[in-house]
Protein chains: 2
Amino acid sequence: MSQTQTRMTRQRAVILEELRKTTTHPTADELYGKVRERLPRISLGTVYRNLDFLADSGEIRRLEAAGTTKRFDGNMVEHQHVRCLCCGRIGDIMTPLPTPAVSGMHVPGFSEIRSARIEFDGICDQCASARLVAND
Amino acid sequence: MSQTQTRMTRQRAVILEELRKTTTHPTADELYGKVRERLPRISLGTVYRNLDFLADSGEIRRLEAAGTTKRFDGNMVEHQHVRCLCCGRIGDIMTPLPTPAVSGMHVPGFSEIRSARIEFDGICDQCASARLVAND
DNA sequence: TTTATTTTAGTAAAGATTATTATTAGGAAT
DNA sequence: ATTCCTAATAATAATCTTTACTAAAATAAA
């Protein structure tokens, strides 16, 4: 009996609708502008909260890796990166998988595709052992 | 005569040294903490400016895609993304290249590799035509 | 040295996101 | 329909990250 209920509010519905209507991969603030045309009194915090909610419940996607704090790497040897899904920690993959070839690729809206890279997601040791104690 | 000279200052040298010494892919603020152990009077702005300088001159790497504003996507059909190197605009690649397999991968410091994805960099149409006029 | 110019420290400002709190409104149960 | 419980909202403040500004210091060349 103690499972929390979720409510489909007008705000949540409009946010979802407006996001599905566009292909521009908007930021929270850009979407706020769109949604406000229909719900002038909505607040930016509501947009942020619902985008998080919708992404967590699998109805929309967060663009991967975006929005995290900038990180730097002094190692110029070719390698790839894993990001911990839990804490954001970055690990190095020093034996990289082959990079996909982009020559000849054509994407609408883009005049040129320059390069491609593989990014990995995983769970780091620290977060994995923390989970043994406090499991979701 | 009008080419600007660059100076290897103590601050720049220490920032580069400390970044090369670690494999943690630090943020500007984390590196600031490290560098301050040796140069207590350095300012955070100097760290940011030199990280930008070093990345632009190819001595260090900026972690790809990190640090941009969060973006969202309402399209749950499997696809990949291109990011414009110039303006950050995102495009969709609806005929994705095959995703690399991660089963059996082992990375030191990580207990589990969950998934991999391919990300693309390119130049969008708007930026490409802007370049025709104002070329770097 | 003197000079010209880059770089720095310190601080302010801007931008993005999260937290707080009193109020509103979903929707289940009456 | 009405009542009631609690999730969700609006409004705002606070935090975190990054960039901009400026007078002073440092670097390299003349």
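Convention: sequence-line order gives letters A, B, ...; per-chain numbering from 1.
For A/K70, a side-chain nitrogen or oxygen approaches OP1 or OP2 of D/dT19 to under 4.0 Å. Not one side-chain nitrogen or oxygen of A/T9 sits closer than 4.0 Å to the OP1 or OP2 atom of D/dA8. Taking side-chain N and O atoms only, B/R41 has a distance below 4.0 Å to OP1 or OP2 of C/dG10. Checking the phosphate oxygens (OP1, OP2) of D/dT19, no side-chain nitrogen or oxygen of B/Y48 falls inside 4.0 Å. OP1 or OP2 of D/dA10 has at least one side-chain nitrogen or oxygen of A/Q11 nearer than 4.0 Å. A close approach under 4.0 Å does occur between a side-chain nitrogen or oxygen of B/R12 and OP1 or OP2 of C/dT7. Look at A/T46 and you'll find a side-chain N or O under 4.0 angstrom from OP1 or OP2 of D/dA10. Distances shorter than 4.0 Å separate none of the side-chain N or O atoms of A/T6 from OP1 or OP2 on D/dA7.
When heavy atoms are screened at a 4.0 angstrom cut-off, A/M8 is found touching the sugar-phosphate backbone but no base atom. When heavy atoms are screened at a 4.0 angstrom cut-off, A/L44 is found touching base atoms of the nucleic acid.
The distance from atom CG of B/L51 to atom P of C/dT7 is 15 Å, rounded to the nearest whole Å. For the pair A/R71 CZ and D/dC16 P, the interatomic distance rounds to 16 Å; values are reported in whole Å. When the P atom of C/dT18 is taken as reference, atom CG of A/D29 falls 14 Å away, rounded to whole Å. B/R36 places its CZ atom 16 Å from the P atom of C/dT8, with the value rounded to the nearest Å. Atom CD in A/Q5 sits about 17 Å away from atom P in D/dC4, given to the nearest Å. If you take CZ of B/R49 and C1' of D/dA26, they are 13 Å apart, rounded to a whole angstrom. B/D52 has its CG atom 12 Å from the P atom of C/dT8, to the nearest Å. Atom CD in A/E30 sits about 13 Å away from atom C1' in C/dA16, given to the nearest Å.
Along DNA chain C, the nucleotide closest to B/R10 and the one closest to B/R7 are compared, and the more 5′ of them pairs with B/R7.
The shortest side-chain heavy-atom distance between B/L16 and B/R12 does not fall under the 4.5 Å cut-off. Between A/M94 and A/V77 there is a side-chain heavy-atom pair separated by less than 4.5 Å.
Aromatic ring orientation, B/H79 versus A/H25: tilted (interplanar angle from 30° to 60°).
Rounding to the nearest 0.5 Å places CZ of B/R41 at 11.5 Å from OG1 of B/T46. Expressed to the nearest 0.5 Å, how far CG of A/L19 lies from CG of B/D73 amounts to 7.0 Å.
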